[in-house]
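Let me begin by presenting the structure, written as structure tokens, before commenting on it.
In this text, all values refer to a predicted model and were calculated from it rather than measured experimentally. Note: hydrogens, waters and symmetry copies are ignored here, and every other heavy atom, side chains too, is used.
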Amino acid sequence: MTELYVCNVSESDHDIDIDALAQRLSAHRRKRISSCRVAHDRLLSAVAGYLLALALSRHGFVESALHYAVGDHGKPYFTDCPLHFNLSHSGKFAVCALSDERVGVDVQEFVPCRMHLARRMFSREKFNELAMSREPDDLFTLFWAEAEARGKYDGRGLAGMRSTEGHLWSAVSDRHAFALCGPEFDGELIHVSL
């Protein structure tokens with residue numbers, strides 16, 4: 001079982017009260033939200049936390065009652081829940097992946113292609129594909145999201161970006177790239193509105 005929850009915060013009909021949203025979450029999530037310096041990032045972090053709480057509730061768990069721990073490389077996990085999760089946010093999207101196996105997820109708003117980073121971070125094949133692309137910004141962002149998802153799946157962040165473990169699913173929508181690494185995923189997104 002792997003689920004991918006997605007929320008487009010720009011589609012909200014009303015202003016989202018970050019504090020009210022955060023108060024429904026665990027102290028761990030509230031600390032993560034408050035660590036964001038930019039208001040928009042705090043909003044996206046709160047929405048990602050909300051998506052996690054919603055996803056867990058659909059499986060009979062209460063996020064605020066669970067205990068978090070952090071792996072050797074900083075990836076959070078639950079000590080008292082068998083489900084694995086990963087969160088990401090960028091631009092106008094917050095996402096939450098929930099699975100019964102290890103999982104990594106990333107969303108990236110399109111950015112300009114940076115060939116110096118691509119040369120260092122991507123395989124030779126992906127670098128060559130990017131160099132020949134008519135839409136290098138789109139492809140760079142997609143490759144970056146895929147690499148981030150792999151690194152988050154691996155649990156080592158940037159150090160794991162070139163890992164080839166896990167199944168990779170990716171898509172582009174609304175000038176954002178989405179990627180999930182883990183068990184096979186059918187690509188069906190669970191859209192959530194606030």
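Both W169 and F93 belong to a single network of hydrophobic side chains, linked directly or stepwise wherever heavy atoms of I, L, V, M, F, W or Y lie under 4.5 Å apart.
Side chains of E3 and H59: a donor-acceptor N/O pair is present below 3.5 angstrom, by distance only. Looking at Q108 and S90, their side chains never bring a donor and an acceptor atom within 3.5 Å of each other. Side-chain N/O atoms of S99 and T2 include a donor and acceptor closer than 3.5 Å.
For the pair R175 and E109, the minimum side-chain heavy-atom distance is 4.5 Å or more. In this structure the side chain of L130 reaches within 4.5 angstrom of the side chain of C113, judged on heavy atoms. Annotation: side chain of L194 is in contact with side chain of V47 (closest heavy-atom distance under 4.5 Å).
S45 contributes no side-chain N or O that, together with a main-chain N or O of R42, makes up a donor-acceptor pair within less than 3.5 Å. Judged purely by atom type and a 3.5 angstrom limit, E101 has no side-chain atom pairing as donor or acceptor with the backbone of H84. In this structure, the side chain of D17 engages the main chain of D19 through a donor-acceptor pair within 3.5 Å.
The cationic atom of R102 (NZ for Lys, CZ for Arg) lies less than 6.0 Å from the six-membered ring centre of Y153 and within 45° of the ring axis.
Salt-bridge annotation for D174 and K92: present, with a side-chain N of the basic residue lying under 4.0 Å from a carboxylate O of the acidic one.
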message = Could you go through F178 and S170, starting from their C-alpha distance and side-chain angles, then the distance that decides it, and tell me whether this counts as side chain to side chain contact (heavy atoms under 4.5 Å, CB included)?
response = CA-CA 5 Å; F178 299 83; S170 59; over 6 Å; no
task = Give the C-alpha distance, both sets of side-chain angles, the deciding distance and a yes or no for side chain to side chain contact (heavy atoms under 4.5 Å, CB included) between F61 and F78.
result = CA-CA 11 Å; F61 295 96; F78 298 120; over 6 Å; no
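Within 6.0 Å of atom NE2 in H67, 12 or fewer heavy atoms from other residues, nucleotides or ligands are found, so the atom counts as exposed in its surroundings. By the neighbour-count criterion of 12 heavy atoms within 6.0 Å, atom CG of D72 is sparsely surrounded, having that number or fewer from other residues, nucleotides or ligands.
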